[in-house]
There are 2 protein chains.
Amino acid sequence: MDIIHPVGRLVEWSRGEKSEWCSLERALDVLANRSTFLVLREAFYGARRFDAFTRGTGLTEASVAKRVRELVAAGLLTRQDYQEPGERTRQEYVLTESGRALFPAFVALQRWGDEFREDRPAVVELVHAGCGAPVDAVVRCTHAHDVTIDQVEARLRTP
Amino acid sequence: MDIIHPVGRLVEWSRGEKSEWCSLERALDVLANRSTFLVLREAFYGARRFDAFTRGTGLTEASVAKRVRELVAAGLLTRQDYQEPGERTRQEYVLTESGRALFPAFVALQRWGDEFREDRPAVVELVHAGCGAPVDAVVRCTHAHDVTIDQVEARLRTP
DNA sequence: GCGCTGGCTATAGAATAGCGCAGTCAGAGG
DNA sequence: CCTCTGACTGCGCTATTCTATAGCCAGCGC
């Protein structure tokens with residue numbers, strides 16, 4: 001296993017093959033557009049119904065339909081039947097484990113927007129229901145150390 | 001200050017105004033495309049020079065030029081002069097504090113790609129230089145509690 | 001003063017994203 | 001049966017993204 005430090009050297013090896021092995025690119029295949037993030041935001045805020053996604057995001061129905069279809073195909077949402085009393089059965093879209101696993105990314109982006117894109121102060125704040133303290137996304141290793149960007153090494157697993 | 005729980009109710013209030021106060025949308029104004037994330041990835045991997053960005057991302061020079069211009073304008077990168085011995089002065093692009101603050105988001109997306117988009121196993125792994133353990137992005141409150149998606153409340157700050 | 005290298009810009013084209021608007025479709029209530 | 005609501009689909013349009021190819025410019029070394 002190679003150790004790359006400073007991580008800058010990684011760029012020397014990438015040339016063409018990076019898209020095959022970079023997990024970020026695989027993530028971006030599903031996520032790299034504005035409306036996908038907005039639909040996921042609504043899902044994190046508890047939205048399940050088509051109508052809630054369109055009203056919550058301000059996107060057109062056509063855009064939401066496309067995103068939702070993609071997200072179901074990619075396994076971030078599942079389609080489920082539901083029926084309200086006196087109504088016919090309809091479908092709703094529920095986050096899968098994969099979708100829920102994106103929550104740290106959502107928090108990270110939201111908090112970054114709070115702090116570094118502050119044309120006006122943040123109006124919504126995410127807090128820990130248990131203690132009321134605001135939440136943030138942090139980078140941590142499996143030994144529970146907080147890790148700054150300078151303390152990260154990239155290792156190439158040569159197969 | 002209103003407490004919203006379940007957070008789903010948030011969608012009821014949003015109608016049109018959400019883009020004004022949602023920090024995620026402000027973040028997406030800069031970030032919502034594939035090439036921006038790729039350029040930032042290279043910056044996190046230590047790239048500073050135009051050439052390193054193009055070779056590392058596989059994007060065309062035109063795309064990189066546009067992204068880099070945007071990222072400088074948005075304050076995530078700064079342009080600095082540098083001069084290698086026997087070379088003329090050139091410019092390089094260095095992450096600002098704002099740019100570095102996106103690192104948790106980068107890690108979160110990268111790790112999510114590892115785990116949930118695994119057409120083939122992850123080839124690059126980010127580890128803590130101090131102890132060698134792999135890193136991940138987690139959501140935590142300022143009282144140092146780990147917070148799951150179910151334990152999060154959204155509070156509206158009414159101004 | 002010529003070539004080379006790094007760092008761009010210009011142009012043209014394909015694909016995708018997103019909008020507004022209009023229409024469809026299923027089924028419950030009247 | 002007719003209407004209403006939620007959940008879509010289709011069309012026409014524009015803006016943005018990204019690619020490919022080509023060329024420009026500065027200045028160091030020869």
Side-chain angles (χ1 to χ4, degrees), chain A residues 8 11-12 15-16 18-19 25 28-43 47-74 77-94, chain B residues 8 11-12 15-16 18-19 25 28-43 47-74 77-94:
Chain A
V11 299
E12 305 294 332
R15 196 111 189 90
K18 189 172 281 179
S19 57
E25 299 209 17
L28 293 177
D29 288 343
V30 202
L31 299 171
N33 63 72
R34 178 183 186 81
S35 51
T36 301
F37 275 104
L38 296 184
V39 167
L40 284 174
R41 175 189 68 188
E42 295 308 309
R48 294 172 154 234
R49 290 159 57 163
F50 187 87
D51 185 53
F53 288 119
T54 56
R55 281 186 298 112
T57 58
L59 297 168
T60 60
E61 295 168 338
S63 292
V64 173
K66 194 173 181 199
R67 284 318 134 213
V68 158
R69 232 181 294 131
E70 283 176 10
L71 289 171
V72 169
L77 297 177
T78 40
R79 237 171 110 103
Q80 293 183 3
D81 289 343
Y82 77 96
Q83 184 163 24
E84 293 202 352
E87 293 284 325
R88 70 179 217 265
T89 66
R90 302 185 190 276
Q91 280 77 46
E92 60 183 3
Y93 299 92
V94 184
Chain B
V11 300
E12 305 295 332
R15 197 114 187 88
K18 189 171 282 180
S19 56
E25 299 208 17
L28 293 177
D29 288 342
V30 202
L31 299 170
N33 63 71
R34 177 182 187 82
S35 50
T36 300
F37 275 105
L38 296 184
V39 167
L40 284 174
R41 175 189 68 189
E42 295 307 308
R48 296 173 152 233
R49 290 158 57 162
F50 187 87
D51 185 53
F53 288 119
T54 55
R55 283 187 298 115
T57 57
L59 299 167
T60 60
E61 295 169 336
S63 291
V64 173
K66 192 171 183 202
R67 283 318 133 214
V68 157
R69 230 181 296 132
E70 283 177 9
L71 288 171
V72 169
L77 297 178
T78 40
R79 238 170 111 104
Q80 293 182 2
D81 289 343
Y82 76 98
Q83 184 162 25
E84 294 202 351
E87 293 283 326
R88 71 179 217 263
T89 66
R90 300 185 191 277
Q91 280 78 46
E92 60 182 4
Y93 299 92
V94 184

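Letters A, B, ... are given to chains in the order of the sequence lines, protein chains preceding strands, and every chain is numbered from 1. No experiment lies behind these values; they were computed from the predicted model shown.
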Quiz item: Charged N to carboxylate O below 4.0 Å: is that the case for A:Glu25 and B:Arg34?
Solution: yes

Practice problem: State, yes or no, whether a side-chain contact exists between A:Phe50 and A:Glu61 at a heavy-atom distance under 4.5 Å. | Solution: yes

Quiz item: Per the end-axis method with five pairs at each terminus, what is the bend angle of the helix from C:dG1-D:dC30 to C:dG30-D:dC1, to 10°?
Solution: 0°

Could you list, one pair per line, each protein nitrogen or oxygen that sits under 3.5 Å from a nitrogen or oxygen of nucleotides 12-16 of chain C, together with the distance?
none

Exercise. Rounded to the nearest angstrom, tell me the gap between atom CZ in B:Arg69 and atom C1' in D:dC18.
Key: 14 Å

Quiz item: Between atom CG in A:Asp81 and atom P in C:dG27, what is the gap in whole Å?
Solution: 12 Å

Quiz prompt | Rounded interatomic separation in angstrom, taking CZ from B:Arg55 and C1' from C:dG6 | solution = 11 Å

Practice problem: Output yes when A:Glu42 and A:Arg55 qualify as a salt bridge under the 4.0 Å nitrogen-oxygen rule, no when they do not. | Solution: no

Quiz item: In whole angstrom, what separates B:Glu70's CD from C:dT9's P?
Solution: 13 Å

Quiz item: Would one find a side-chain N or O of A:Asn33 under 4.0 angstrom from OP1 or OP2 of C:dG18?
Solution: yes

Quiz item: Is any side-chain nitrogen or oxygen of A:Ser63 closer than 4.0 Å to OP1 or OP2 of C:dC19?
Solution: yes

Practice problem: To the nearest 0.5 Å, tell me how far B:Thr54 OG1 sits from B:Leu38 CG. | Solution: 12.5 Å

Quiz item: How long is the gap from OG1 on B:Thr60 to NZ on B:Lys66, to the nearest 0.5 Å?
Solution: 11.0 Å

Quiz item: A:Leu28 has an atom CG; how far is it from atom P of C:dA17, in whole Å?
Solution: 13 Å

Output one line per pair: protein atom, nucleotide atom from nucleotides 24-26 of chain C, and distance, for all N/O pairs under 3.5 Å.
unit_1, atom_1, unit_2, atom_2, d
C:dA26, N3, A:Arg88, NH1, 3.0

Quiz item: Could you give the CG-to-P distance, from B:Asp29 to C:dG18, as a whole number of Å?
Solution: 12 Å

Self-check item: Touch class at under 4.0 angstrom, heavy-atom based, for B:Tyr93 against every strand present
Solution: sugar-phosphate

Quiz item: Checking all strands, does B:Tyr82 fall into the base, sugar-phosphate, or nothing category for heavy-atom contacts under 4.0 angstrom?
Solution: sugar-phosphate

Self-check item: Donor-acceptor contact below 3.5 Å, side chain A:Arg41 vs main chain A:Gly56
Solution: yes

Quiz prompt | Between B:Arg48 and B:Tyr82, a side-chain donor and acceptor under 3.5 Å | solution = no

Quiz item: When you match B:Phe50 and A:Thr60 each to their closest nucleotide on DNA chain C, which lands nearer the 5' end?
Solution: B:Phe50

Practice problem: Take atom CZ of B:Phe53 and atom P of D:dC18, then tell me their distance rounded to the nearest Å. | Solution: 16 Å

Quiz item: Across the strands shown, which category fits A:Ser35 at heavy-atom distances under 4.0 angstrom: base, sugar-phosphate, nothing?
Solution: sugar-phosphate

Self-check item: Exam field: side chain A:Thr57 to backbone A:Phe53, donor-acceptor pair closer than 3.5 Å
Solution: yes

Quiz item: Is the distance from OP1 or OP2 of D:dC8 to the nearest side-chain N or O of A:Arg79 less than 4.0 Å?
Solution: yes

